[in-house]
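Below is one structure; the comments refer to it alone.
It should be emphasised that the depicted structure is a prediction, and the values quoted were computed from it without experimental measurement.
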Amino acid sequence: SEASYRRVLETAHEGIWMVDSDGKTTYVNAGLASMLGYSPEDLLGKQLQDYADEEDRPRVAIDLQRHLAGAAGQQDLRFRRHDGSFVWTMLAMSPIRGEDGAYRGALAMITDISERKRTEQELDRLVHDRTAELVASNRELEAFFYSISHDLRQPLRAIDGFSRAVVEDLGDQIPEDVKDHRYRVRRAANRMSELIDALLSMSRMSRVAMKRERVDLSGIAQAIFLE
């Protein structure tokens, strides 16, 4: 019966908003009125979009016309309460047809999603803060690697230069073991230089696109072992 139907609408947790074919309010339940801080009588005859956030009103008006023309849809929407504050809602609207099939208006189910929006905004803020911290950390790390590379290359050049001077001073009389030592020193210096270059490359990894490729881990391990 109509009385049972009205009772279901009035006791629903969601807000219910019905408008006619002109977009004027014909019914709101107590849940919707309480959500916006008005009495049901305050909203009767008013346009739904009049209570939406000013920035959203043009979009709401267009969407309402679509719903009145027969389209159903759902969207997140901010409504302004009677006290001037805002409430985030999820609005699901569908057309109402008469017995002749003609469109008589639209019915909207409105759910308060303010808590969900606050959680989303807090997550967005945390992501933004963490991203900023990561960017700052990467910059500090890159600056540190550049400093380390400069400090390490200078003694490497000195080691290589001294070993070269020893070989040049001995000339043709250089013993074989000294040649071997010179070779080992130079190879170690080159290896250290490669490690410094690798550190610099690693510091720039956060600024380049990820590139996937196959890696021979066994070959790398064997090369390290032979050194």
Side-chain angles (χ1 to χ4, degrees), residues 1-139 206:
S1 65
E2 183 177 348
S4 299
Y5 175 71
R6 288 278 180 177
R7 190 159 49 250
V8 170
L9 295 181
E10 287 300 327
T11 57
H13 292 294
E14 290 81 5
I16 298 175
W17 201 326
M18 299 174 64
V19 299
D20 60 20
S21 57
D22 294 325
K24 295 181 178 180
T25 300
T26 58
Y27 172 81
V28 296
N29 69 344
L32 188 281
S34 176
M35 189 185 302
L36 298 184
Y38 293 91
S39 68
E41 293 74 21
D42 290 335
L43 301 174
L44 294 179
K46 306 293 179 56
Q47 298 279 345
L48 181 151
Q49 62 265 29
D50 290 344
Y51 298 90
D53 178 28
E54 292 183 3
E55 294 181 1
D56 293 338
R57 288 178 186 176
R59 174 172 59 87
V60 174
I62 294 173
D63 288 343
L64 181 59
Q65 292 304 314
R66 291 178 52 251
H67 299 315
L68 292 175
Q74 178 176 300
Q75 61 181 303
D76 291 353
L77 185 65
R78 284 201 317 172
F79 282 105
R80 184 183 291 274
R81 292 190 177 101
H82 185 263
D83 62 6
S85 62
F86 287 97
V87 56
W88 269 107
T89 68
M90 180 178 67
L91 183 148
M93 185 172 285
S94 56
I96 299 175
R97 297 173 183 268
E99 293 182 359
D100 58 356
Y103 299 112
R104 302 299 186 189
L107 182 147
M109 299 289 290
I110 300 175
T111 305
D112 186 341
I113 58 170
S114 299
E115 187 61 33
R116 192 195 81 187
K117 284 294 183 179
R118 280 192 290 269
T119 301
E120 291 175 353
Q121 291 169 356
E122 178 64 16
L123 288 175
D124 288 342
R125 186 188 66 79
L126 288 174
V127 169
H128 179 270
D129 291 347
R130 294 293 185 270
T131 301
E133 291 174 1
L134 182 59
V135 169
S137 177
N138 285 339
R139 287 175 178 169
S206 62

Checklist entry - Are any side-chain N or O atoms of Thr25 and backbone N or O atoms of Lys46, one a donor and one an acceptor, separated by less than 3.5 Å? => result yes
Next on the checklist: Quick one: does any side-chain atom of Arg57 pair with a main-chain N or O of Ala52 as donor and acceptor, under 3.5 Å?
Outcome noted: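 The answer is yes, because a donor-acceptor pair under 3.5 Å joins these two groups.
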Next on the checklist: Quick test of your reading: applying salt bridge (Lys or Arg N to Asp or Glu O under 4.0 Å), list the pairs with at least one residue in residues 80-95, sequence neighbours left out, ordered by first then second residue.
Outcome noted: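 Output for this query is empty, none listed.
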Any side-chain heavy atom of [X] within less than 4.5 Å of one from [Y]?
{"X": "Leu77", "Y": "Thr89", "result": "yes"}
{"X": "Val19", "Y": "Lys24", "result": "no"}
{"X": "Asp76", "Y": "Arg116", "result": "yes"}
{"X": "Trp88", "Y": "Asp53", "result": "no"}
{"X": "Trp17", "Y": "Leu36", "result": "yes"}
{"X": "Met18", "Y": "Val28", "result": "no"}
{"X": "Tyr51", "Y": "Leu43", "result": "yes"}

Can you tell me how far [atom2] of [Y] sits from [atom1] of [X], rounded to the nearest 0.5 angstrom?
{"X": "Glu14", "Y": "Leu32", "atom1": "CD", "atom2": "CG", "value": "11.0 Å"}
{"X": "Gln121", "Y": "Arg118", "atom1": "CD", "atom2": "CZ", "value": "8.5 Å"}
{"X": "Arg130", "Y": "Arg125", "atom1": "CZ", "atom2": "CZ", "value": "8.0 Å"}
{"X": "Ser85", "Y": "Arg78", "atom1": "OG", "atom2": "CZ", "value": "10.5 Å"}
{"X": "Asp124", "Y": "Asp129", "atom1": "CG", "atom2": "CG", "value": "11.0 Å"}

If you take all heavy atoms of [X] and [Y], which pair is closest and at what distance?
{"X": "Thr131", "Y": "Val127", "value": "OG1-O, 2.7 Å"}
{"X": "Ser39", "Y": "Ala33", "value": "C-CB, 4.0 Å"}
{"X": "Met93", "Y": "Leu48", "value": "CE-CD1, 3.7 Å"}
{"X": "Thr26", "Y": "Leu44", "value": "O-CD2, 3.6 Å"}
{"X": "Met35", "Y": "Gly15", "value": "CE-N, 4.0 Å"}

Next on the checklist: According to ring pair (Phe, Tyr, Trp, His ring centres under 6.0 Å), does anything in residues 116-138 pair up with another residue at least two apart or in another chain? List the pairs.
Outcome noted: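 Pairs touching residues 116-138 that pass the test: none.
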Checklist entry - Hey, mind stepping through Ile16 and Met109 against side chain to side chain contact (heavy atoms under 4.5 Å, CB included) and telling me if it holds? => result CA-CA 5 Å; Ile16 298 175; Met109 299 289 290; 3.7 Å; yes
Checklist entry - Quick check: are there more than 12 heavy atoms from other residues, nucleotides or ligands sitting under 6.0 Å from CD of Glu122? => result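 Yes, CD of Glu122 has more than 12 neighbouring heavy atoms, counting only those of other groups under 6.0 Å.
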Item to check | Which residues share a salt bridge (Lys or Arg N to Asp or Glu O under 4.0 Å) with Glu54, sequence neighbours left out | outcome: none
